[in-house]
There are 2 protein chains.
Amino acid sequence: MHLFWEHGYEATSLAMLREAMGLTPPQIYNAFTDKETLFRKALTRYHQTEIGFALEALSAPVPTGEAIRRLLLGAAEAYSRPGKPGGCLFVSGALAASPQAQAIADELKANRKASEAAIAERLAKGRAMGDLPEGLSVEGFAKYLAGVMNGMSIQARDGASVEELRTLAQTALAVFAIEGQKQGASSKE
Amino acid sequence: MHLFWEHGYEATSLAMLREAMGLTPPQIYNAFTDKETLFRKALTRYHQTEIGFALEALSAPVPTGEAIRRLLLGAAEAYSRPGKPGGCLFVSGALAASPQAQAIADELKANRKASEAAIAERLAKGRAMGDLPEGLSVEGFAKYLAGVMNGMSIQARDGASVEELRTLAQTALAVFAIEGQKQGASSKE
DNA sequence: CAGGTTTCGTATCGATCACTATGGATAAAT
DNA sequence: ATTTATCCATAGTGATCGATACGAAACCTG
C-alpha cells in the first residue's frame, strides 16, 4: 500500500512489491491474482486504515460547520503522517495513466467522486437542518471542499507540514464562517 | 505536450509520441535528444501557450483582490479548455513517479513551488501596498491559493466544467473578501 | 522407509520500454 | 555519367515490464 501510495499504480513495479513484501512472484500471484487485484486490495486497506477520519467527521452528531472542520483538519493530519507518503492515495495513485491502466485511473476517480458525494450528502443534511449558510449551495460548496482536500493532498506531497496544512484548512473553512455571518448576501461577484 | 499532459511523463510512450508527431524514432532523437529533454521542451511550450494568464494576473496593475480573482478565474478557464486535457500539466505530469523518473517529478514539484512563490510575492506586494487584509498571512494565504488551484486542477481532470470551476474559484475568493470585512479578527479558531 | 502428491522458488516467458545501428535510397560533386 | 557522400526509415539492441512454466524439495500416506 505504501509503495502504491508513494509511486502510484503504474510506477510501482512487481520487483519493488516483491522485495517489500519478501515474497516470491508466484506467492504474490497466488495471493493476489494479479497486480490490479493487489492494488484494489491495497485500496481497501487504505480505506480502512488511513481515512477513517472522513467518515467519522461526516457522520458525527455535530453541527455542519464542526463536521467540515473535522473533515479538513483530519485531512491535514492524515495527509502528513510521519512515516507515510504525503497526500492521499486517491490522488497520487493514478492521476495520469497510460491507456492500459485506464481502469485503475477510473476507479480512483470514482473514489474521489464518491468522497465529494459524501460531503454533498452531509451538506444537504445541514441544509435540511438549517445550519448550512444560505449563501452556500450544497453542490458548489461540496466541490469546493473536495477541491481543497485534493489541493491539500498535493501540498502535502510537496512537503507541506501538518501545521501548514492545518492553516490551509482553516483558511478554507473561513468561507463557511463568513457566509454564516452574512445575511443573504451574494456569494458571487 | 498534449500527450504528456493527458497521460503524464512516464505513461506516455515514445510509440505514442511517434505516432502523434508523425516522426520516426531517429527523427525524434535528432530533434530532442531523449525523452526527458522532449518533456522539458513540452514543459516550456506549456508555460508559453497555456498558463500566461497566471503571470498576467499577478503582474497586472490592479488591486491584490482583483489580481487573485483573475488568477483563479483564469485557472478555471485554462484547466477546462475544450480540446485540451483537463487540469494543469504541473500536477498531471508526474505527481507520482518511479525512482527512475524522480528528476522529472522533482522538476514539476519545483514548478509548483515556483507558482506558489510567485503568488506569495504578489501578496507581499499587496501587504506592502496595504490592500491585503490584515487577517491573512502572505505565506499562509499563498499556500491556500496554490492549494486551491491544485485542487481545481484535479476537479478539472475529473470532468468539472468551466462553470463549476468558476464557482469553486469564487467560493475560494470569498476568504479574501471576508477577511477584508473583518477588522482585526483572528483568522484561526 | 518408499511412493505419490503437493508446494514453492528459480529461471524464464513474450511484450514493451527507451533508444540506436545498419542498409538502402537520394542528393551532391567531379 | 559515375563516384562519393549524406540522409533516413527499418529493424533490432539490452533492459525491464507483468506474469508463469518447470524442477526440486518437503510432506503426508501406506
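In this text, all values refer to a predicted model and were calculated from it rather than measured experimentally. Convention: sequence-line order gives letters A, B, ...; per-chain numbering from 1.
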More than 12 foreign heavy atoms under 6.0 Å from NZ of Lys113(A): is that the case here? yes
Spacing between Arg18(B) atom CZ and dT20(C) atom C1', to the nearest angstrom: 15 Å
Closest nucleotide among dA19(D), dC17(C), dA9(D) to the Ala15(B) side chain: dC17(C)
Is the closest basic N to carboxylate O distance between Lys143(A) and Glu139(A) below 4.0 Å? no
Interatomic distance, Gln100(A) CD vs dC17(C) C1' [rounded to whole Å]: 11 Å
When rounded to whole Å, the CD1 to P distance for the pair Ile28(A) and dA19(D) reads 10 Å
Once you round it to whole Å, what is the distance between C1' of dC19(C) and CZ of Phe39(B)? 19 Å
List the atom pairs, donor and acceptor, that lie under 3.5 Å between side-chain atoms in residues 16-28 of chain A and the rest of the protein, sequence neighbours left out.
unit_1, atom_1, unit_2, atom_2, d
Thr24(A), OG1, Gln27(A), OE1, 3.2
Gln27(A), OE1, Thr24(A), N, 2.8

What nucleotide, of dC8(C), dG18(D), dT20(D), holds the atom closest to the side chain of Leu14(A)? dG18(D)
Which of the following nucleotides, dA19(D), dT10(C), dT10(D), is nearest to the side chain of Asp34(A)? dA19(D)
Would Asp34(B) and Thr37(B) count as having a side-chain donor-acceptor pair, cut-off 3.5 Å? yes
Give the nucleotide from the list dA11(C), dT20(C), dC17(C) with an atom nearest to the side chain of Ser13(B). dC17(C)
Taking NZ from Lys35(A) and P from dC17(D), how many angstroms apart are they, rounded to a whole number? 9 Å
Between OH of Tyr29(B) and P of dC8(D) the distance, given in whole Å, is 18 Å
How would you label the contact of Asn30(A) with the nucleic acid (heavy atoms, under 4.0 Å): base, sugar-phosphate, or nothing? nothing
Would you mind classifying the nucleic acid contact of Thr12(A) as base, sugar-phosphate or nothing, using non-hydrogen atoms under 4.0 angstrom? sugar-phosphate
For dA9(D), take OP1 and OP2 only and decide whether either is under 4.0 Å from a side-chain N or O of Gln27(B). yes
Whole-Å distance separating the CD atom of Glu10(B) from the P atom of dT16(D): 14 Å
Let me know the distance between OH of Tyr9(A) and P of dC17(D), rounded to the nearest Å. 14 Å
Using a heavy-atom cut-off of 4.0 Å across all strands, would you classify Thr33(B) as base, sugar-phosphate, or nothing? nothing
Side-chain ion pair, Glu121(B) and Lys125(B), N-O less than 4.0 Å: no
Side chain of Pro25(A) (C-beta onward), nearest among dA11(C), dT10(D), dG9(C): dA11(C)
Contact nearer the 5' end of DNA chain D, comparing Leu23(B) with Pro26(A): Leu23(B)
